[in-house]
Amino acid sequence: MKLGVNIDHIAVLREARKINDPDPVEALGILKLAGADQVTIHLREDRRHICDEDAELIVQKSQLPVNLECSTQSEIIEIICRLKPHRATLVPEKREEVTTEGGLDIITYEESVLTAIERLHAHEIEVSLFIDPDLEAITRSDALGADWIELHTGTYANIYAMLFSGLHNSRHSVKELELPRHTLKTRLDESLTALKTAASHASSMGLKVAAGHGLNYQNVEAILDIDAVEELNIGQSIVARSVFTGLERAVKEMKALIR
Ligand code: PXP
């Protein structure tokens, strides 16, 4: 199973101060050394983290394949066609959302998805569609000519968090958090079955299958058992963990300077 590392959150930290540090471009060499298989970034319409210059430099300098996530908006697709990353992953985007909530509705927005796929293919960029584990959406993805689908694992990750850490996030109400454990366990099993069924269906149609969103060091194990999934794209949990795996050294370096 391959790992694409999403480095948007490095740019989130930079944007908190509007300075040049930490620079996501600097992460490229570390990702390669650490054995990542792909670098993933999301050029959002509002440019809240990765900006055009980052995307351009990352595509230019990365020794790993670049998976560029984007909406189907015409101007954004034009930029992606010019940058020519290895892959474009079409995702839904809402300005008010904190992160990508739910998969792309390719049934309602079929026309704009098809236009984006055709333009990207004309520039020899392979296309992935970020969708919920829904069989009809998978069949449509194939009909529209997608090369990959990426299954949204957010529902699974949210239920896992509620069941094992008592956490909930914005996609779930506090009411759901109060569900009895056995109901949460049933929902977790159902969400995993949906991912497995969706992955097999896509793979049997000849689509390549990735998965991602909300995956972390605890919940990733069950996803690794899904044979048809070839790749995971993980961002937030890796960048969050790197703060703690790197903090001791960072403090020691500053202490040494002060001494
Ligand atoms: N895959 C896609 C298509 C995404 O939009 C995201 C979030 O940007 C991820 C994977 C990574 O999600 P997370 O940061 O929760 O690991």
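Since we're looking at a predicted model, the values are computed, not measured. In each ligand, atom 1 is the first atom listed, and ligand 1 is the first ligand listed.
The distance criterion of under 3.5 Å between nitrogen or oxygen atoms is met by Glu69 with respect to ligand 1. The shortest N/O to N/O separation between Leu215 and ligand 1 does not fall below 3.5 Å. Below 3.5 Å of separation, one finds no N or O of Val91 facing any N or O of ligand 1. At a 3.5 angstrom cut-off on N or O pairs, Gln236 counts as close to ligand 1.
Under a 4.0 angstrom heavy-atom cut-off, Ser237 registers as lying outside contact with ligand 1.
Below 4.0 Å from some heavy atom of Asn233 lie the following atoms of ligand 1, by number and element: 10 (C), 11 (C). Atoms of ligand 1 found under 4.0 Å from any heavy atom of Asn6, numbered from 1 in the order shown, are 8 (O). Residue contact check: Gly214 has heavy atoms under 4.0 Å from atoms 12 (O), 13 (P), 15 (O), 16 (O) of ligand 1. With ligand atoms numbered from 1 in the order given, ligand 1 contributes 1 (N), 2 (C), 3 (C), 10 (C) to contacts under 4.0 Å with heavy atoms of Glu150. For ligand 1, the atoms lying closer than 4.0 Å to a non-hydrogen atom of His213 are 6 (C), 7 (C), 10 (C), 12 (O), 15 (O).
Salt bridge Lys252/Glu248: present, at least one basic N to carboxylate O contact under 4.0 Å. In summary, Arg249 and Glu253 engage in a salt bridge, as defined by a charged side-chain N under 4.0 Å from a carboxylate O.
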- Item | Thr72/Thr115 under side-chain contact (heavy atoms from CB on, under 4.5 Å): CA gap, chis, key distance, verdict | CA-CA 8 Å; Thr72 56; Thr115 306; over 6 Å; no
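Here the straight-line distance linking atom NE2 of His213 with atom CD1 of Ile234 works out to 12.0 Å at 0.5 Å rounding.
The only option from Arg14, His49, Arg47 that meets the side-chain hydrogen bond (donor to acceptor under 3.5 Å, both in side chains) definition with Asp54 turns out to be Arg14. Here the options are Glu124, Glu150, Glu231, Glu69, the test is salt bridge (Lys or Arg N to Asp or Glu O under 4.0 Å), and the partner is Arg87; only Glu231 passes.
Of all the heavy atoms of His152, none lies under 4.0 Å from any atom of ligand 1, so neither backbone nor side chain is involved.
Between Leu90 and Ile77 the shortest side-chain heavy-atom distance falls below 4.5 Å.
In this structure, the side chain of Thr89 does not engage the main chain of Ser128 through any donor-acceptor pair within 3.5 Å.
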